[in-house]
Trainee: 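Sending over a structure as structure tokens; questions will come in a sec.
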Amino acid sequence: SQQGEEDPQALSIQEGENATMNCSYKTSINNLQWYRQNSGRGLVHLILIRSNEREKHSGRLRVTLDTSKKSSSLLITASRAADTASYFCATDASGNQFYFGTGTSLTVIP
Amino acid sequence: DAGITQSPRHKVTETGTPVTLRCHQTENHRYMYWYRQDPGHGLRLIHYSYGVKDTDKGEVSDGYSVSRSKTEDFLLTLESATSSQTSVYFCAAGSRLAGGSGELFFGEGSRLTVL
């Protein structure tokens, strides 16, 4: 499989805490993206980081990329109950094929 | 959703019957994708299209075919549905940006149950 793997599979935190989830992938990439999925809904794009970037910020999101380790992390700061969702990383290793990881289920307790 | 519509949203069918899922987009994206989502497997790419009449296989293409006769429509067909194809199917579309691929826009999913 060309899928990545997110870690942990599930994460439960208190509102206001930071949430960190990790993604590992298998092949060289052009870029890596993070998506969010609310229960029963489609995925929504959060942030894209290119292979020549090491860190990127967007609002309360911080993404890092380590291509030597084939890994990325997504940090959500000051979490809110509305952040409860599943989070997926996606890579485009070849052409325009996007491969998704297995996801991290985040629960933020009010 | 950015103009991605999937139909039907829910379908129950019997083993051996043909099923077609439709994805319609209004944003003129060049690339379109079909994924299936199953517990423990995340999203897996079935087929994708990089233009009208241009399609290619993904990692779980066996038992599925696709067609794209117009930019806006991407059809996924199960010629003879099996219980292992019970899943939630997502369509996505996107455009290539300078320097690489851009974000994908997803539909709301089609839940298929094969009895």
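Every chain is numbered from 1, with letters handed out A, B, ... down the list of sequences. All values reported here derive from a predicted model rather than from experimental measurement.
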Trainee: Counting N and O atoms only, with roles assigned by atom type, does the side chain of A/Gln33 sit under 3.5 Å from a partner on the main chain of B/Gly102, one being a donor and the other an acceptor?
Mentor: yes
Trainee: Shared ILVMFWY cluster between B/Tyr31 and B/Tyr64, side chains joined below 4.5 angstrom?
Mentor: no
Trainee: For A/Glu15, does the CD atom have more than 12 heavy-atom neighbours from other residues, nucleotides or ligands under 6.0 Å away?
Mentor: yes
Trainee: Between A/Gln37 and chain B, which part of the residue has a heavy atom less than 4.5 Å away: side chain, backbone, both or neither?
Mentor: side chain
Trainee: Identify the two heavy atoms, one from B/Lys57 and one from A/Gln97, that lie closest to each other, and give their separation to 0.1 Å.
Mentor: O-OE1, 4.2 Å
Trainee: Does any heavy atom of chain A fall under 4.5 Å from the side chain of B/Gln37, the backbone, both, or neither of them?
Mentor: side chain
Trainee: Working to the nearest 0.5 angstrom, can you tell me the gap between B/Phe106 CZ and A/Tyr35 OH?
Mentor: 6.0 Å
Trainee: Would you mind checking which part of B/Leu104 comes under 4.5 Å of any heavy atom in chain A, side chain (CB onward), backbone (N, CA, C, O), both or neither?
Mentor: both
Trainee: Consider only side-chain heavy atoms of I, L, V, M, F, W and Y, link residues closer than 4.5 Å, and tell whether B/Tyr89 and B/Tyr48 are in one cluster.
Mentor: no
Trainee: Out of curiosity, does A/Tyr25 fall in the hydrophobic cluster containing A/Trp34 (side-chain heavy atoms, cut-off under 4.5 Å, transitive links)?
Mentor: yes
Trainee: Quick check: are there more than 12 heavy atoms from other residues, nucleotides or ligands sitting under 6.0 Å from CZ of B/Arg9?
Mentor: yes
Trainee: Answer yes or no: are there more than 12 heavy-atom neighbours, outside B/Glu14 itself, under 6.0 Å from its atom CD?
Mentor: no
Trainee: Determine the minimum heavy-atom distance between A/Phe98 and B/Tyr35, stating which atoms define it.
Mentor: O-OH, 2.7 Å
Trainee: Please rank B/Asp56, B/Leu45, B/Val60, B/Val88 by heavy-atom pairs under 4.5 Å with chain A and give me the top one.
Mentor: B/Leu45
Trainee: Chain A heavy atoms under 4.5 Å from B/Tyr50: which part of the residue, side chain, backbone, both or neither?
Mentor: neither
Trainee: More than 12 heavy atoms of other residues, nucleotides or ligands under 6.0 Å from CZ of B/Arg111: yes or no?
Mentor: no
